[in-house]
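A quick write-up on the structure given underneath.
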Amino acid sequence: MNTAPLTPPVLAARGLTKAYGSTHALTGVDLEIRPGESVAVMGPSGSGKTTLLHVLSGIIAPDGGRVTLAGADGTVHEVTALTEEQRARLRRERLGFVFQEGLLLPELTAVENVAMPLMLNGVDRRAAEQTAARWLGSLGLAGMEDRRPGELSGGQRQRVAIARAQAVEPDVVFADEPTGALDSDTSEAVLDSLIASTVARGRTLVVVTHDPSVAAACSRLIRVRDGRIESDQAQAAAGTTREQVR
């Protein structure tokens, strides 16, 4: 019998509640996510899955409950005890985000978009852009550093967004429908890049998705309905990546 202790969670939530008027988006959610996991969150529209991602990442505060983030450096942050300004700093320094449309700044080049979070954290521009260029190269975008988002394909823009999310070496990367606006072939390539740059490097990934193929690539599937976790199961991740990001 294996009695080895479980790795402490990088994210832990207890009793999360959130309501918008008479709509209960979260109703007493308890959840633990451990380092190196890739967790897909699925559910019908209005089930609370995006609200759960936003509360876990400190984008919004819950009405009740507690979220803690345990960093790789040993520091533990009680996210729900922080002010809005403190949560913004935590997101900037310890978390990464990939959204459906990438949300890149159109007036900046690819390398400038990726370097921006580092510069906001106090890294000088030269060093930030060197780090950004390395990430772009590792995601197959070498030679495209000076292109603006309008000069890139949808898949390329999403890989820039992934590089931006990873540049600060985050403890957790949150992705909200990261392949939702892409065709199937491009989606597969972007998903490979996302998993290779997170889980393959020992990082943690939490992804909200409607796409069964995205969920199948993750090591754990959580289904949410009516603000509650309906099911939570480990699964054999189908998303063995074809590339390793160093």
Side-chain angles (χ1 to χ4, degrees), residues 38 53 57-59 71-73 85 87-183 185-209 214 217 239 241-246:
S38 52
L53 183 147
S57 63
I59 292 176
D73 62 358
E85 182 179 351
R87 294 199 314 272
R89 180 176 178 179
L90 184 73
R91 293 194 302 271
R92 189 175 69 239
E93 295 179 351
R94 310 304 295 266
L95 304 175
F97 296 88
V98 182
F99 298 102
Q100 180 173 334
E101 299 295 340
L103 298 184
L104 303 176
L105 295 174
E107 66 273 18
L108 300 184
T109 65
V111 76
E112 288 170 340
N113 266 286
V114 177
M116 183 60 66
L118 292 165
M119 294 170 64
L120 290 173
N121 288 340
V123 178
D124 72 79
R125 181 175 184 133
R126 179 182 176 85
E129 291 191 351
Q130 287 175 341
T131 298
R134 286 197 297 272
W135 269 108
L136 290 170
S138 72
L139 289 163
L141 296 174
M144 300 184 187
E145 295 87 353
D146 293 330
R147 294 190 187 182
R148 287 178 169 78
E151 301 171 307
L152 299 170
S153 70
Q156 289 167 343
R157 288 193 296 271
Q158 280 301 76
R159 290 202 294 276
V160 173
I162 292 169
R164 182 184 58 189
Q166 295 291 1
V168 298
E169 298 289 340
D171 295 307
V172 183
V173 171
F174 294 93
D176 192 355
E177 299 287 1
T179 63
L182 305 174
D183 62 71
D185 288 342
T186 306
S187 293
E188 184 176 358
V190 167
L191 182 60
D192 277 355
S193 296
L194 182 58
I195 291 178
S197 64
T198 52
V199 180
R201 302 176 64 248
R203 302 292 179 182
T204 304
L205 174 65
V206 180
V207 55
V208 165
T209 183
V214 173
T241 58
R242 295 185 292 271
E243 58 183 300
Q244 291 294 314
V245 179
R246 299 177 188 272

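Values below: all heavy atoms of this structure, side chains included; hydrogens, waters and symmetry mates excluded. One is the number of the first residue; the rest follow in order along the sequence.
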Contacts of Thr204 meeting side-chain hydrogen bond (donor to acceptor under 3.5 Å, both in side chains) (sequence neighbours excluded), chain-then-number -> none

All side-chain hydrogen bond (donor to acceptor under 3.5 Å, both in side chains) counterparts of Ser187, not counting sequence neighbours =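 Applying side-chain hydrogen bond (donor to acceptor under 3.5 Å, both in side chains) to Ser187 gives none.
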
Sequence neighbours excluded, which residues qualify as side-chain contact (heavy atoms from CB on, under 4.5 Å) partners of Val123?
->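 Val123 satisfies side-chain contact (heavy atoms from CB on, under 4.5 Å) with Leu118, Ala127, Ala128 only.
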
Is there a donor-acceptor pair closer than 3.5 Å between any side-chain N or O of Gln158 and the backbone N or O of Pro178?
->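 Judged by distance alone, yes, a pair lies under 3.5 Å.
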
Backbone N/O of Trp135 and side chain of Gln166: donor-acceptor pair under 3.5 Å = no

Atom CG of Leu53 and atom CG of Asp176: how far apart are they, to the nearest 0.5 Å?
-> 5.5 Å

On a heavy-atom basis, which atom in [X] and which in [Y] lie closest, and how many Å separate them?
{"X": "Ala115", "Y": "Ala132", "result": "N-CB, 3.7 Å"}
{"X": "Gly155", "Y": "Val190", "result": "O-CG2, 3.8 Å"}
{"X": "Ala163", "Y": "Leu136", "result": "CB-CD2, 4.1 Å"}
{"X": "Arg159", "Y": "Ser193", "result": "CD-OG, 3.4 Å"}
{"X": "Arg87", "Y": "Ile59", "result": "NH2-O, 4.1 Å"}
{"X": "Ser57", "Y": "Leu95", "result": "O-CD1, 3.4 Å"}

What do you reckon, is CZ of Arg89 surrounded by more than 12 foreign heavy atoms closer than 6.0 Å?
->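 At most 12 heavy atoms, drawn from other residues, nucleotides or ligands, come within 6.0 Å of this atom.
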
Mind jotting down which residue pairs meet the ring pair (Phe, Tyr, Trp, His ring centres under 6.0 Å) criterion with at least one end in [range]? Sequence neighbours excluded, please.
{"range": "residues 136-162", "value": "none"}
{"range": "residues 137-174", "value": "Phe97-Phe174"}
{"range": "residues 142-161", "value": "none"}

For the residue pair Met116 and Leu108, establish whether any side-chain heavy-atom pair is separated by less than 4.5 Å.
-> yes

Taking side chain as C-beta onward, heavy atoms only, is Pro149 less than 4.5 Å from Val160?
-> no

Pairwise salt bridge (Lys or Arg N to Asp or Glu O under 4.0 Å) hits with a residue in residues 107-124, at least two apart | Glu112-Arg125

With sequence neighbours excluded, residues passing salt bridge (Lys or Arg N to Asp or Glu O under 4.0 Å) with Arg94 =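 Partners of Arg94 under the salt bridge (Lys or Arg N to Asp or Glu O under 4.0 Å) test: Asp73, Asp171.
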
Listed by chain and number, what are the salt bridge (Lys or Arg N to Asp or Glu O under 4.0 Å) partners of Glu177, not counting sequence neighbours?
-> none

Write out all pairs satisfying side chain to side chain donor-acceptor pair (under 3.5 Å) with one or both partners inside residues 142-155, taking only residues at least two apart or from two chains.
-> Ser153-Gln156

Which of these, Leu103, Ile162, Leu104, Asn113, sits in a side chain to side chain contact (heavy atoms under 4.5 Å, CB included) with Arg157?
-> Leu104

Under the criterion side chain to side chain contact (heavy atoms under 4.5 Å, CB included), which of Glu93, Arg91, Arg164 is the partner of Pro117?
->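 Filter result, single survivor: Arg164.
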
